[in-house]
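For reference, the structure is listed below as structure tokens.
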Number of protein chains: 2
Amino acid sequence: MPALAPRQVSVDTRRTILDAALELFSERSFDGASTRAIAELAGVTQPLLNYHFAGKEELWRATVDDLFERFRSSMQARFSGLRGVDDVTIAKLMVRHFVEFSAANPQLHRILMQESKRASSRLDWLVETHVRPLYENAIAMFDRLATSGDLAPIPPAHLYYLVTGAGASVFVMAPECQRLTGVDPFAPEFVAAHADLVVDLLIRATTKESP
Amino acid sequence: MPALAPRQVSVDTRRTILDAALELFSERSFDGASTRAIAELAGVTQPLLNYHFAGKEELWRATVDDLFERFRSSMQARFSGLRGVDDVTIAKLMVRHFVEFSAANPQLHRILMQESKRASSRLDWLVETHVRPLYENAIAMFDRLATSGDLAPIPPAHLYYLVTGAGASVFVMAPECQRLTGVDPFAPEFVAAHADLVVDLLIRATTKESP
DNA sequence: AATGGACCTGATCGTTCGATAAGTTTCTAC
DNA sequence: GTAGAAACTTATCGAACGATCAGGTCCATT
């Protein structure tokens with residue numbers, strides 16, 4: 001063919017590129033995903049990425065920004081209508097939402113794990129921009145639970161591991177789980193059952209013993 | 001200088017290369033760690049890697065083989081002398097050992113996480129060669145506990161997540177933990193305390209309620 | 001003292017990477 | 001209907017990648 005008809009006024013090209021970038025960054029990690037492969041998946045040419053984004057690093061940040069923005073807005077949509085619900089229930093719902101969003105968007109965990117397991121300036125940015133706010137929300141929540149007397153207080157460092165670990169551990173080994181147990185870890189019924197199990201585990205482990 | 005005096009009969013050059021490879025593979029992941037950088041860290045020239053190993057992929061496998069071999073032998077050394085200890089205690093010790101080894105060898109988790117979060121032929125090899133045997137050991141252990149009546153039985157898929165997640169979650173977020181809480185997640189006293197906490201969490205969550 | 005092989009290096013191969021420069025097409029504004 | 005900005009492409013850059021090859025150095029053997 002001589003030349004593809006250049007589609008104009010397509011303002012959603014940026015969207016298409018972001019989707020392709022999320023797919024490949026999460027599958028092959030930053031270094032493994034070439035800009036040419038991303039462009040091909042998006043159905044555009046490679047230099048167009050540099051037209052819409054300042055560079056590969058900038059494309060990666062925009063991709064992560066977009067992903068976390070979707071997570072926050074889904075969280076907002078689910079919890080903004082809640083009124084008169086006790087903190088324990090909210091905590092349960094938050095973990096469940098985290099697990100369910102992870103099941104629907106496995107790219108979040110892939111990128112988080114890949115990037116948190118290497119030393120790079122991208123990690124600094126990711127933690128400060130996206131992880132810290134989530135962490136501080138969770139800490140505040142559990143602090144409130146502890147002072148209200150429902151849960152036994154846990155030192156912040158341990159709490160950090162329990163909160164992030166309880167949610168994150170669910171899909172850390174997702175592909176291996178499928179292979180070893182034959183269960184599809186993204187099946188809705190499994191997601192719901194395991195979310196309940198993780199919540200119970202967390203609550204039971206921190207619930208004060210009855211005297 | 002004209003040329004470095006070529007040291008001969010150095011049979012531990014292979015060892016030096018493996019150490020450098022483990023360091024960089026875990027820090028920058030497979031694609032991010034160039035063979036030239038590995039060679040430089042090892043203090044040799046880049047073509048020497050191809051002399052000792054068939055290629056980059058082969059070097060990676062040899063590195064992972066070596067790492068898991070160290071894990072297995074440390075496990076062996078710790079548990080081979082145990083006699084007359086009940087299964088619950090052994091389970092506690094296993095998780096504790098896993099956590100402690102992870103603290104001393106953070107590269108294990110880095111490589112496991114990086115590689116399990118991408119689609120590659122290396123993942124297939126890693127799971128079948130190293131992860132599956134560990135998994136089947138753990139399943140057998142908890143099966144024995146369940147049939148002996150101490151723990152409530154859990155479906156294998158959930159058990160898989162709980163076993164791997166309880167151990168793995170500890171260091172999934174290690175660098176962020178340091179940054180956010182100010183606690184060094186590799187300090188011995190923290191490792192010991194958190195291992196106990198994880199074990200308690202796992203045991204309490206699966207211990208049968210007294211009627 | 002000569003030889004063969006193990007160990008290691010310098011030079012360089014072809015490929016692929018991210019980035020850019022220059023040119024083309026399409027829509028909008030007047 | 002023509003000018004100009006916006007959107008997109010083709011062609012190509014220099015750098016870095018993994019791999020190979022032709023040698024060079026040292027030691028063990030005889």
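All values below come from the heavy atoms of this structure, side chains included, with hydrogens, waters and symmetry mates left out. Residue numbers start from 1 in every chain, and the chains themselves are labelled A, B, ... in the order their sequence lines are given, proteins ahead of strands. Here the structure is a predicted model, which means the values were calculated and not measured.
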- Whichever of A:Gln46 and B:Ala54 has its nearest DNA chain D nucleotide further upstream toward 5':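 Taking each residue's closest nucleotide, the earlier one in sequence belongs to A:Gln46.
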
- Item | Student check: side-chain heavy atoms of B:Thr63 and B:Gln107 closer than 4.5 Å |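 They are not in side-chain contact.
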
- Message: Can you confirm whether A:Ile17 sits close enough to A:Leu59 that some side-chain heavy atom of one is under 4.5 Å from a side-chain heavy atom of the other?
- Response: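 Side-chain contact under 4.5 Å: yes.
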
Give the rounded distance in Å between these two atoms: [atom1] of [X] and [atom2] of [N].
| X | N | atom1 | atom2 | value |
| --- | --- | --- | --- | --- |
| B:Arg28 | D:dC17 | CZ | P | 9 Å |
| A:Glu57 | C:dC17 | CD | C1' | 15 Å |
| B:Ile38 | D:dG18 | CD1 | C1' | 11 Å |
| A:Leu24 | C:dG18 | CG | P | 11 Å |
| B:Lys56 | D:dA16 | NZ | C1' | 11 Å |
| B:Glu58 | D:dA19 | CD | P | 11 Å |
| B:Leu48 | C:dA6 | CG | C1' | 12 Å |
| B:Arg14 | C:dC8 | CZ | P | 12 Å |

Does the side chain of [X] get closer than 4.0 angstrom to OP1 or OP2 of [N] through an N or O atom?
| X | N | value |
| --- | --- | --- |
| A:Thr35 | C:dG18 | yes |
| B:Thr13 | C:dC8 | yes |
| A:Tyr51 | D:dC8 | no |
| B:Thr45 | C:dC8 | no |
| A:His52 | D:dA6 | no |

- Message: If you only use heavy atoms from C-beta on, which nucleotide in D:dC21, D:dT9, C:dT12 is closest to the side chain of A:Pro47?
- Response: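 Of the options given, the side chain of A:Pro47 lies nearest D:dT9.
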
- Proximal nucleotide (of C:dG18, C:dT9, C:dT12) relative to the A:Ser34 side chain: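 For A:Ser34, the side-chain atoms sit closest to C:dG18.
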
- Within 45° of the axis and under 6.0 Å from the centre of the six-membered ring of B:Phe30, does NZ or CZ of B:Lys56 qualify?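 Ring-cation test returns yes.
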
- Query: Does B:Ser74 have any side-chain hydrogen bond (donor to acceptor under 3.5 Å, both in side chains) partners at least two apart in sequence or in another chain, and if so, which?
  - Reply: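 Expected list: B:His97.
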
- Task: Give A:Ala33 one of three labels, base, sugar-phosphate or nothing, depending on what nucleic acid heavy atoms sit under 4.0 Å from its own.
- Result: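 Sugar-phosphate contact only - A:Ala33 comes under 4.0 Å of backbone atoms but never of a base.
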
- Message: Once salt bridge (charged side-chain N to carboxylate O under 4.0 Å, His left out) is applied, do any residues pair with B:Arg36, and if so which ones, sequence neighbours excluded?
- Response: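 Per chain and number, B:Arg36 pairs via salt bridge (charged side-chain N to carboxylate O under 4.0 Å, His left out) with no residue.
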
